[in-house]
Amino acid sequence: MILDDWIKKYEKKAEPFSIPSGFVLWFEPNKGFFLYAKNGDYLEIDATCTTDIKAIMAVANAKAKIYGCRFLRTQTHRDPIAYMRLTGATPDFGLSGHRDNGLMYWVFWKEVV
């Protein structure tokens with residue numbers, strides 16, 4: 001799919017797509033996209049649309065290494081148990097909550113390997 005197709009898919013399930021200041025877009029036609037930004041000792045992963053979360057996490061992990069980050073911080077509005085199982089990430093209940101779009105987002109941390 002082209003980027004516009006992925007964005008339409010994202011907007012249908014989440015919210016209007018935009019790239020916040022300081023974030024960079026990573027896109028692969030067969031895998032999807034995600035936004036990322038270095039924030040202290042972690043790489044923050046924002047808007048993501050994919051059919052292969054394991055591939056996206058591998059790319060995010062590689063980017064985190066390049067930036068010298070110790071952790072990935074991700075979030076999802078999907079099933080948190082499935083997300084934990086697929087990614088090996090740990091939930092942060094203190095940062096999780098409802099966002100402006102009305103959806104519950106679960107925040108997760110994963111050590112960079």
Side-chain angles (χ1 to χ4, degrees):
M1 290 194 296
I2 64 172
L3 181 58
D4 284 345
D5 293 334
W6 284 106
I7 289 172
K8 286 176 188 170
K9 183 175 182 172
Y10 173 83
E11 290 181 333
K12 186 177 179 182
K13 302 240 180 195
E15 60 194 349
F17 177 77
S18 66
I19 302 176
S21 177
F23 280 80
V24 177
L25 171 70
W26 177 88
F27 168 66
E28 170 64 39
N30 296 325
K31 300 293 181 191
F33 72 83
F34 68 93
L35 302 178
Y36 66 94
K38 184 177 186 321
N39 194 346
D41 68 344
Y42 65 92
L43 192 70
E44 184 170 357
I45 308 302
D46 200 317
T48 302
C49 188
T50 185
T51 55
D52 190 346
I53 191 63
K54 289 183 180 185
I56 293 291
M57 291 296 284
V59 172
N61 190 79
K63 295 220 172 275
K65 283 182 178 180
I66 291 168
Y67 286 102
C69 297
R70 294 183 50 222
F71 301 96
L72 292 173
R73 186 170 91 176
T74 63
Q75 58 183 325
T76 185
H77 67 273
R78 302 297 189 120
D79 180 350
I81 301 298
Y83 189 83
M84 275 189 328
R85 182 176 39 81
L86 289 169
T87 65
T90 303
D92 183 329
F93 298 111
L95 293 177
S96 299
H98 286 87
R99 302 292 190 254
D100 291 340
N101 63 3
L103 296 175
M104 174 65 182
Y105 279 84
W106 300 94
V107 175
F108 289 85
W109 292 93
K110 182 166 176 67
E111 192 168 350
V112 172
V113 292

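We count residues from 1, following the sequence as given.
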Is there any salt bridge (charged side-chain N to carboxylate O under 4.0 Å, His left out) pair reaching into residues 46-61, and which pairs are they, with sequence neighbours excluded?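 The answer is Lys31-Asp52.
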Got a sec, which residues hit side-chain hydrogen bond (donor to acceptor under 3.5 Å, both in side chains) with [X], two or more places apart in sequence or on another chain?
X      : value
Tyr105 : Asn101
Trp109 : Asp92
Lys63  : none

Looking at every heavy atom in both Phe108 and Ala89, which two are closest together, and how far apart are they? CB-CB, 3.6 Å
Could you pull out the closest heavy-atom pair between Ala37 and Gly22, with the gap in Å? CB-O, 3.4 Å
Non-neighbouring partners of [X] that pass side-chain contact (heavy atoms from CB on, under 4.5 Å), sequence neighbours left out:
X      : value
Asp5   : Met1, Ile2
Arg70  : Asp41
Val112 : Asn61, Ala64, Lys65, Leu72
Ile66  : none

Are [X] and [Y] grouped together when hydrophobic residues (ILVMFWY) are joined by side-chain heavy atoms under 4.5 angstrom apart?
X      : Y      : value
Leu103 : Tyr10  : no
Met57  : Trp106 : yes
Val24  : Phe33  : no

To the nearest 0.5 angstrom, please state how far the [atom1] atom of [X] sits from the [atom2] atom of [Y].
X     : Y     : atom1 : atom2 : result
Phe23 : Ile45 : CZ    : CD1   : 8.5 Å
Leu35 : Phe27 : CG    : CZ    : 12.5 Å
Leu86 : Ile53 : CG    : CD1   : 8.0 Å
Ile7  : Phe17 : CD1   : CZ    : 4.5 Å
Cys49 : Lys8  : SG    : NZ    : 13.0 Å
Thr90 : Met84 : OG1   : CE    : 8.0 Å

Residues at least two apart in sequence or cross-chain that pass ring pair (Phe, Tyr, Trp, His ring centres under 6.0 Å) with Phe71, listed by chain then number, are none
List in chain and number order the residues that pass ring pair (Phe, Tyr, Trp, His ring centres under 6.0 Å) with Phe34, two or more places apart in sequence or in another chain; answer none if no residue qualifies.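 Residues passing ring pair (Phe, Tyr, Trp, His ring centres under 6.0 Å) with Phe34: Trp26, Tyr36.
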Pairs touching residues 76-87 that satisfy side chain to side chain donor-acceptor pair (under 3.5 Å), sequence neighbours left out: Thr74-Tyr83
What do the steps show when you test Arg99 against Glu15 for side-chain contact (heavy atoms from CB on, under 4.5 Å), and what is the final call? CA-CA 10 Å; Arg99 302 292 190 254; Glu15 60 194 349; 5.7 Å; no
Who clusters with Val113? Use side-chain heavy atoms, under 4.5 angstrom, across I, L, V, M, F, W and Y, and order the result by chain and number. none
Under the 3.5 angstrom rule, does the side chain of Lys38 hit a backbone N or O of Gly40 as a donor-acceptor pair? yes
Please check if the side chain of Trp6 supplies one atom and the backbone of Thr50 the other of a donor-acceptor pair under 3.5 Å. no
